[in-house]
Amino acid sequence: MSKRLQVLIVGGGPVGMGFAIELGLRGISSAIVERRTEPHRIPKGQNLMQRTLDHFDSWGIIKEMRAARVMPPESPIGGITTYGDLMSEYWYSPPQREVVKDFFFQANERIPQYCLEEVLQNKLNDLPNVETYFGWQAETLAQDDTSVTLNLTEVDGPGQQTLEADYLVGCDGAHSMVRDTIGIERKGSDFDQKMVLAVFRSKELHKGLKRFPERSTYRAMDPELNGYWQFFGRIDVGEGWFFHAPVPMDTTAGNYDFKTLIQKAAGFEFACEFDHVGFWDLRVAAAETYQVNRVFIAGDAAHSHPPYGGFGVNNGLEDARNLGWKLAARIQGWSGEALLNSYSQERHPIFKETGEDFIAARIKREGKFFQTYSPKKDLDTFLEAWEKKQAGAAGDVLSYEPNYEGSAVIEGPTGGVCSAHGKHTFTAQAGHHLAPLELSSGKNIYEEISNDFTLLALDGEDAVTSVVKDAAETQNIPFNIIRDSYADGRTAYKARYILIRPDHYIVWCGEEPPTDTAAIIAKAVGI
Ligand SMILES: Cc1cc2nc3c(=O)[nH]c(=O)nc-3n(C[C@H](O)[C@H](O)[C@H](O)COP(=O)(O)OP(=O)(O)OC[C@H]3O[C@@H](n4cnc5c(N)ncnc54)[C@H](O)[C@@H]3O)c2cc1C
């Protein structure tokens, strides 16, 4: 007989584990199936945006994540960009995530992915309602009107299992079996370019880069490479590195001189020891939808792309945060089907634009820059353009503000759309992430806000808060109220009433009470 749970998760990478934590903390039973028994020893997703650290705070693992940092706390996360190799006289250190730090509660972080995965796995072990099948391969799945069935086999053993659940989420990476089985196509930009990913150790490279202010990453932009990066990332201070760069399509681990490649990109000779050499194709691929009936996809299964800009883990964990509370709401009976449908409706356009406008367009834009400007061709024009490029480097960070203005479960502006483009501001806006501000107690609002629905009432009238509370309670929606004065820095929200979802996006806000409270509450949970 098969075992029945509420949700099955295929894939125990960062996104699958994040999902299981989000669900487990909401009292939902799940099983997570992962073929590996140990994390990959490739550092991969290291740059974690502020919002991702907010998830860890909500999951109660912020201290453990900070402690998992390999680089010393004082070492800066930012990077250096050079024209040509790393010994070039033309270089700059662009402002990065620090330009938006005030709009998030938690500071950004840099942690090798395997360290992050260890912290997530420890948290999973503390959640009694999450069953873990590590060392098991998900083979086939089927769904009908009431359930999803998954067949597994043990990777190093004879074991076979069938699991059943109300819903299944495929977090099984770029080559997702789940996505293929439910027949979701992918679209995007294929650059038809092979990339190498090397992990190596070199103390001499570390010493050779002392000419720069201390940084974590180094991007050598060879003008011949069409905007593709030659990228060095520190794993620790002093020795460990990962590197990626374009290579000819017929390159294999055995037929290419990777040492010469990294020395050429660095601009000097140095001793090094390789620990790993692998390859990936430079393409941006987004699934056409993230849901087919009872089956969903998230993380790299839904969107994959080159590691340019650090969007992979960050977007994947946002998928988990977005869908987690919605699945819990549906299973616990306090939402309509439209809430589940809003997952794909909200998250799909975000990644489509992230992939095309922030990753593919950047490659093309930089490729054109290096075709147009060269210090050898015309030094003055080059220097002017290089200066402008440096000044505009933070542009993408400032304009990357994923929001759900057009969602069916948000009381957004007329004509609003769900988009990765937005503007960071303290002004509360429906469909946008709530910026952190200080309460009169001296605490940050993020220290008080729960993972349920919250009404923030700033000098709000009791009659109004009672109406909102009654409307939520009528639907059995877990709900809290935070009351404070509409004074000091809090006036920056420019709204006295702000209704916030469990993932800390704003459903509705206004200076005046809503005209139809019950309708807004019903809409927020897809009824
Ligand atoms: C060099 C490099 C640098 C990167 N840098 C960044 C960065 O700075 N910031 C960032 O946000 N992202 C970065 N990324 C991207 C990031 O690593 C990925 O986006 C992230 O791993 C996606 O997580 P995931 O859980 O969706 O998928 P994965 O990590 O691919 O996990 C999927 C899991 O599913 C398992 N699985 C697959 N099929 C099955 C099956 N049938 N049965 C059981 N298990 C299965 C796999 O074993 C795997 O563990 C980088 C990637 C690389 C390669």
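Read the numbers this way: they start at 1 and go in the same order the structure lists the ligands and their atoms.
- Only the side chain of Q113 comes within contact range of ligand 1, with a heavy atom under 4.0 Å; no backbone atom does.
- Exactly one residue among E131, E164, Q161 makes a side-chain hydrogen bond (donor to acceptor under 3.5 Å, both in side chains) with K3. That residue is E131.
- Proximity to G299 (heavy-atom distance under 4.0 Å) selects the following atoms of ligand 1: 26 (O).
- Between H348 and Y290, the two ring planes are perpendicular [angle over 60°; tilted spans 30° to 60°].
- The closest heavy-atom contact to atom 32 (C) of ligand 1, among the options G310, G11, C171, G278, comes from C171.
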- Stepwise side chain to side chain contact (heavy atoms under 4.5 Å, CB included) test for R186 and R179: CA-CA 9 Å; R186 290 194 298 171; R179 186 189 63 233; 3.4 Å; yes
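- Neither the backbone nor the side chain of L48 has any atom closer than 4.0 Å to an atom of ligand 1 (non-hydrogen atoms only).
- When non-hydrogen atoms are compared, ligand 1 lies under 4.0 Å from the side chain of R36 (C-beta onward) but not from its backbone.
- Annotation: atom 53 (C) of ligand 1 to nearest protein heavy atom, K44 CD, 3.7 Å.
- The protein heavy-atom contact nearest to atom 1 (C) of ligand 1 is L197 CD1, 3.4 Å.
- Side-chain atoms of N451 and R321, non-hydrogen and from C-beta on, do get closer than 4.5 Å to each other.
- With distances taken over non-hydrogen atoms, the option nearest atom 15 (C) of ligand 1 out of S304, A320, G312 is G312.
- Listed by number with element, the atoms of ligand 1 under 4.0 Å from a non-hydrogen atom of V33 are 43 (C), 44 (N).
- For ligand 1, the atoms closer than 4.0 angstrom to any heavy atom of G173 are 27 (O), 30 (O), 32 (C).
- A salt bridge does not link E117 with K44: none of the charged nitrogens is closer than 4.0 Å to a carboxylate oxygen.
- The cationic atom of R294 (NZ for Lys, CZ for Arg) lies less than 6.0 Å from the six-membered ring centre of Y167 and within 45° of the ring axis.
- Taking a cut-off of under 4.0 Å to the non-hydrogen atoms of W136, the atoms of ligand 1 that pass are 43 (C).
- Other residues, nucleotides and ligands place no more than 12 heavy atoms under 6.0 Å from the CG atom of D156.
- No hydrogens or angles considered: a donor-acceptor pair under 3.5 Å links the side chains of Q106 and R66.
- No close placement of the F242 and H276 rings is indicated, their centers lying 6.0 Å or farther apart.
- One finds the OG atom of S407 at 10.5 Å from the CG atom of N341 (value rounded to the nearest 0.5 Å).
- V313 N, 2.7 Å is the protein heavy atom nearest to atom 11 (O) of ligand 1.
- Using a cutoff of 4.0 Å between basic side-chain nitrogens and carboxylate oxygens, R501 and E346 are scored as salt-bridged.
- In terms of protein heavy-atom proximity, atom 6 (C) of ligand 1 is nearest to G45 CA, 3.0 Å.
- Looking only at protein heavy atoms, the nearest one to atom 8 (O) of ligand 1 is N47 N, 3.0 Å.
- What sits closest to atom 25 (O) of ligand 1 on the protein, heavy atoms only, is V15 N, 3.1 Å.
- Not a single heavy atom of W280 sits under 4.0 Å from any atom of ligand 1.
- The shortest N or O to N or O distance between P307 and ligand 1 is not under 3.5 Å.
- Interface atoms of ligand 1 facing D172, defined by a heavy-atom separation under 4.0 Å, are 32 (C), 34 (O), 37 (C), 38 (N).
- The side chain to side chain contact (heavy atoms under 4.5 Å, CB included) with L327 is formed by just one residue from the set V169, L339, I28; it is V169.
- The shortest contact between atom 19 (O) of ligand 1 and any protein heavy atom is with D300 OD1, 2.8 Å.
- Of all atoms in ligand 1, listed by their number and element, those nearer than 4.0 Å to a heavy atom of P14 are 23 (O), 25 (O), 29 (O).
- Within a 6.0 Å sphere centred on NZ of K194, other residues, nucleotides and ligands contribute more than 12 heavy atoms.
- By the criterion of a heavy-atom distance under 4.0 Å, the backbone of F311, and not its side chain, is placed next to ligand 1.
- By heavy-atom distance, the residue among M195, E34, R35 lying nearest atom 38 (N) of ligand 1 is R35.
- Considering backbone and side-chain atoms together, A138 places an N or O closer than 3.5 Å to an N or O of ligand 1.
- Looking from atom 31 (O) of ligand 1 to the surrounding protein, the closest heavy atom is G13 CA, 3.6 Å.
- With rounding to the nearest 0.5 angstrom, the CZ atom of F134 is 10.5 Å from the CD atom of E38.
- Ligand 1 has a nitrogen or oxygen under 3.5 angstrom from a nitrogen or oxygen of N314.
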